[in-house]
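For reference, positions follow the sequence shown, starting with 1. All figures in this text were calculated on a predicted structure; none of them were measured in a lab.
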Amino acid sequence: MAVNSILRARVVVLALILVVLTGNQNMVPVAEAVWLTIPTSGTKCVTEDIQNNVVVLADYYVIDETEPHKTPGVSVRVTSPFGNNLHHKENVTLGQFAFTTTESGNYVACFWIDGNQHDRSLTMSLDWKIGIAAKDWESVAKKDKIEGVELHLTRLEGMAQAVHEKINFLKKREQEMREVSEKTNARVAWFSIMSLGVCIAVSVLQAWSLLLITSASSSSSSPSKARKLILYSNPGCCLCDGLKEKLQAAFLLSGPDSLHDVDLLVRDITSNPEWERAYQYEIPVLTKILSDGTEETLPRLSPRLGLEFIQKKIASTLKQ
């Protein structure tokens, strides 16, 4: 009675597991043969993402649908995720490969027609079994002397174990992907901060350069605005009128010593007693206004001098 009770409980539990498994068929490896078309040139490959320590069993055969009795051979190569050869055959029409995975990743099986011995594509049947689907239950039944419901329950236990291992594998992969994602996010965040810092530094340098250029242009333009000359003269002074005409003509000349920005102010000494006392015996007198507002008397220029000479003379004096 106790054995029957245990058996009934086992049946109920595994029946529930079967319901769960049938509702989640993607969790259980199901063996289904696939049909491949191998082109006359090139390679046909099949990949499968398999975890570590899983049994893989595959059967394949090739047929020529047009001439089944003259089916040519093909070459087969199976490689691991790290590129190790697990199975390699040439000029075969059928075969089988089996191995236990030692690496997690994509396992690749490639098929191609040998040489140019066939001018038509071939059809291949590939029955790829993984994990619990690759297990030989007939051998298990003979070895353990089980059959019927007990064999079916044993298979369900194997499927449940396979689901458990698959879930653990997916959890591990998810954890690895989460760690990679977190590291990537951290690196992107640091890169964004560094990029922002570089942008701020470049902006500060640009603002500083613009400030220097503005200051330089202001300092260079301020003296030009202050380039003013004063000519002290007296009504009826022929030398004064001649020098005034020469100065105005020199201001119109172009070239490296251009005086276009110089303002000439003519003062009548008779309108101011101080000017008259200072310059009544020296007119015409030419002075320049300094940056502090004071005046500096320039060397005396004769109205008989050439315009170019006057231009150069005044330009060199204003640069001092």
Partner residues of Phe97 under the ring pair (Phe, Tyr, Trp, His ring centres under 6.0 Å) criterion, sequence neighbours left out: His87, Trp128
From CA spacing to verdict: side-chain contact (heavy atoms from CB on, under 4.5 Å), Thr297, Glu282: CA-CA 11 Å; Thr297 303; Glu282 300 181 7; over 6 Å; no
Donor-acceptor pair, side chain of Ser316 and main chain of Lys313, under 3.5 angstrom: yes
pair Tyr107-Val56: side-chain heavy atoms closer than 4.5 Å: no
Thr184 (side chain) donor-acceptor with Val180 (main chain) under 3.5 angstrom: yes
Spacing of CG belonging to Leu243 relative to SG belonging to Cys238, to within rounding of 0.5 Å: 13.0 Å
Residue among Lys172, Arg178, Arg173 satisfying side-chain hydrogen bond (donor to acceptor under 3.5 Å, both in side chains) with Gln175: Arg178
Min side-chain heavy-atom separation Thr101-Gln51 under 4.5 Å: no
Spacing of OG1 belonging to Thr79 relative to CG belonging to Asn85, to within rounding of 0.5 Å: 7.0 Å
Non-hydrogen atoms of Val108 and Cys110 that approach each other most closely: CG1-SG, 3.5 Å
Greater than 12 external heavy atoms within 6.0 Å of Arg300's CZ: yes
Any side-chain heavy-atom pair of Arg267 and Asn272 under 4.5 Å: no
Cluster link Val78 to Val55, ILVMFWY, side chain under 4.5 Å: no
More than 12 heavy atoms from other groups under 6.0 Å of NE2 on His88: yes
Nearest-0.5 Å distance that lies between atom NZ in Lys44 and atom CD1 in Ile38: 9.0 Å
Heavy-atom closest contact (Gly73 atom, Thr93 atom, distance): CA-CG2, 4.1 Å
Spacing of OH belonging to Tyr61 relative to CG belonging to Leu122, to within rounding of 0.5 Å: 13.5 Å
Parallel, tilted or perpendicular: ring planes of Trp275 versus Tyr232, cut at 30 and 60 degrees: perpendicular
Test item: Val62 and Phe111 side chains (from C-beta on) under 4.5 Å apart, heavy atoms: no
Side-chain heavy-atom pair Ile283, Leu239 within 4.5 angstrom cut-off: no
Flag if over 12 foreign heavy atoms under 6.0 Å of CD, Glu176: yes
Nearest non-hydrogen partners of Leu57 and Ala98, listed with the distance: CD1-CB, 3.7 Å
Non-hydrogen side-chain atoms of Leu253 and Leu259 separated by less than 4.5 Å: no
Single-linkage hydrophobic cluster, 4.5 Å side-chain cutoff, Leu307 and Leu231 together: no
Joint hydrophobic cluster, Trp112 plus Tyr60, side-chain heavy atoms closer than 4.5 Å: no
Value rounded to 0.5 Å, distance of CD1 in Ile113 from CE in Met124: 9.5 Å
Pairing of Glu308 and Lys312 as salt bridge, 4.0 angstrom limit: no
Steps toward side-chain contact (heavy atoms from CB on, under 4.5 Å) verdict (Leu36, Val46): CA-CA 9 Å; Leu36 307 175; Val46 178; 3.6 Å; yes
Gly95 backbone acceptor or donor facing Lys89 side chain under 3.5 Å: no
Leu252 with Leu318, same ILVMFWY side-chain cluster at under 4.5 Å: no
Heavy-atom side-chain contact between Gln206 and Val202 under 4.5 Å: yes
Heavy-atom side-chain proximity of Asn52 to Ser104 below 4.5 angstrom: yes
Reported CD1-to-SG distance for the pair Ile269 and Cys240, which is rounded to 0.5 angstrom: 7.5 Å
Evaluation steps, side-chain contact (heavy atoms from CB on, under 4.5 Å), between Ile289 and Leu265: CA-CA 10 Å; Ile289 300 178; Leu265 178 61; 5.7 Å; no
Donor-acceptor pair, side chain of Glu65 and main chain of Thr123, under 3.5 angstrom: no
Asp64 backbone acceptor or donor facing Thr71 side chain under 3.5 Å: yes
Hphob cluster co-occupancy, Leu86 + Ile130, side-chain heavy atoms under 4.5 angstrom: yes
Closest contact, heavy atoms only, Glu103 versus Ser80: OE1-OG, 3.2 Å
N/O donor-acceptor pair under 3.5 Å between Thr287 side chain and Glu296 backbone: no
Derivation of the side-chain contact (heavy atoms from CB on, under 4.5 Å) call for Lys288 and Leu298: CA-CA 7 Å; Lys288 69 176 181 179; Leu298 301 181; 4.0 Å; yes
